[in-house]
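See structure below.
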There are 2 protein chains.
Amino acid sequence: MAKIKNKHNATKKEVIVEAATRLFRERGFKAASMRDLAEAVGVEAASLYNHIQSKEEILQEICFKVANAFNEQCDKVEASELSSIGKIESMLRFHIRMMFDHFDMVMVADRDWKHLSDPFLSNYHEQRRAYRKRLAGIIERGIDNGEVKDVDAPTIVLIMLHAVNGIESWHRSKEKIGARQLEENMVLILIDGLRS
Amino acid sequence: MAKIKNKHNATKKEVIVEAATRLFRERGFKAASMRDLAEAVGVEAASLYNHIQSKEEILQEICFKVANAFNEQCDKVEASELSSIGKIESMLRFHIRMMFDHFDMVMVADRDWKHLSDPFLSNYHEQRRAYRKRLAGIIERGIDNGEVKDVDAPTIVLIMLHAVNGIESWHRSKEKIGARQLEENMVLILIDGLRS
DNA sequence: CCTACCGATCGGTAGG
DNA sequence: CCTACCGATCGGTAGG
């Protein structure tokens, strides 16, 4: 019965979600069909529904997995003894590495979360808002203690979070510059511009 | 016969494309249906096809209108007498203002251009690549003449182009900060970090 | 896990 | 510009 390929101890559901993540990233959530997904996994479309409840459930798994990863890292960094600049740099580096290590997941969550339906849509929307507020808070503390240039904190958050998406173009074009070097360049440009 | 609302001397096709631009931005190109569009315009779905040839033709108009705007501005700036930093700042400001003044258009082109089919897909892809190379060229000249910090030029382009997309979140949340002030903050953070 | 199938909706056309 | 409609495809279910 176990026709779904089952490498590295993954459950069938995990295999489906993994394949879907890649498919959603490549074609977009709406344009990727369950029949495409079934083919990628190696079963008939109807068989997918023995492991998942709906197409949207897959999107939910992807979006909240990403949201949880960022929230947990933010917990750690806020509890750390790093300076304000150090905390910001640490979060920036985490975002960059998430783009490298979990590219498909991060891109799908960022681009397709609007296709969630309530209550997941509101929940995700609110988490996103709260997360940005936390990051702005870290920056504001840096401004208060003189580490960071006095600029609008929410604007810095906007710039940082979106700048990291540039890695998509890099990922796609396979430029000559290496991942490690790209990370250092991004940190250099974005963090150095913040110092007061 | 002219049932399509025709404010400010727009042709029917222009009215359709304008409504479609908003709809595509709100729901995504794939998720927005021609029946939705027909309703927004105030006609039956079949009637749209007297003015346009296909759903994709609308997407083509949107994408290449945006691409042309950026290319033309780049022509002007490259031909100007501005310093290298001045040229980069000028292009950055143009991107920011395009986000403010033509938000739907810019977002759709950026998010949905992959749904074009060949030869438009390859054409757009190539224009995008060439445009980024031109921007990187401006920055590289700035590095050569000592105006700009010595960092990887393509990385700076990636950061600048994507950072500007942060205006989407601002647009959506209607934060307290004004458009003009957001522009100055972005320029301050992104351009000041470049100076050598 | 598959065969067989459903109702809904899609982009688009014929003909007036 | 509309009515009427097409074939294709969608997400998902029944039943085994």
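Because the structure is predicted, anything quoted here is derived from the model rather than measured. We name chains A, B, ... by the order of the sequence lines, and we start the count at 1 in each one.
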B/L23 has an atom CG; how far is it from atom P of C/dG11, in whole Å? 10 Å
State, with a plain yes or no, whether a side-chain heavy atom of A/L158 is found less than 4.5 Å away from one of B/S169. yes
Shortest side-chain distance from B/S54, nucleotide among D/dG11, D/dC2, C/dG12: C/dG12
Roughly how many Å is it from CD in A/Q53 to P in D/dG12, rounded to a whole number? 10 Å
Answer with base, sugar-phosphate or nothing: what part of the nucleic acid does A/S47 contact at a heavy-atom distance below 4.0 Å? base
Between C1' of C/dG11 and CD1 of B/I52, the distance in whole Å: 10 Å
Any side-chain heavy atom of B/V41 sitting closer than 4.5 Å to one from B/H51? no
Out of D/dC1, C/dC2, D/dC10, whichever nucleotide has its closest atom nearest the side chain of A/N50: C/dC2
From the list D/dC1, D/dG11, C/dT3, which nucleotide is the closest neighbour of the side chain of A/Y49? D/dG11
Nearest-angstrom distance from the residue atom CZ of B/F29 to C1' of C/dG11: 10 Å
Distance in angstrom units between A/R27 CZ and D/dG11 P, rounded: 12 Å
A/L92 reachable from A/L82 in the ILVMFWY side-chain graph, under 4.5 Å edges: no
Do A/R35 and A/E39 have side chains that get closer than 4.5 Å, going by heavy atoms? no
Given side chains that start at C-beta, do those of B/C63 and B/L116 come closer than 4.5 Å, heavy atoms only? yes
Kindly write out the residues that satisfy salt bridge (charged side-chain N to carboxylate O under 4.0 Å, His left out) with B/E57, not counting sequence neighbours, or none if the list is empty. B/K13
Between D/dC10 atom P and A/L48 atom CG, what is the distance in whole Å? 13 Å
Which of D/dC2, D/dT13, C/dC1 is nearest the side chain of A/A46? It is D/dT13
Min side-chain heavy-atom separation B/V15-B/T11 under 4.5 Å: no
Candidate nucleotides D/dG11, C/dG11, C/dC2, ranked by approach to the side chain of A/V43 - the nearest: C/dC2
Tell me whether the guanidinium CZ or amine NZ of B/K55 lies under 6.0 angstrom from the six-membered ring centre of B/F29 and within 45° of its axis. yes
Between D/dT9 (C1') and A/D36 (CG): distance, integer Å: 11 Å
Just to be sure I understand the rule, does B/A32 reach a base, reach only the sugar-phosphate, or reach nothing, if contact means heavy atoms closer than 4.0 Å? sugar-phosphate
Side chain of A/R35 only, please: which of D/dG12, C/dG11, D/dC1 is the nearest? D/dG12
What one should report as the nearest heavy-atom pair of B/I85 and B/E147 is N-OE1, 3.0 Å
Nucleotide nearest B/E44 when distance is taken to its side chain, options D/dT3, D/dG12, C/dC1: D/dT3
Nucleotide C/dA8, atom P - distance to CE of B/M34 in whole Å: 23 Å
Give, ordered by number, those residues of residues 109-116 of chain A having at least one heavy-atom distance below 4.0 Å to an atom of DNA chain C; if nothing qualifies, reply none. none
Stems for DNA chain C (at least 3 consecutive Watson-Crick or G-U pairs, under 3.5 Å) come to C:1-16 with D:1-16
Derivation of the ring-ring contact (aromatic ring centres under 6.0 Å, His included) call for B/H171 and B/F100: CA-CA 8 Å; B/H171 192 275; B/F100 286 140; 8.4 Å; no
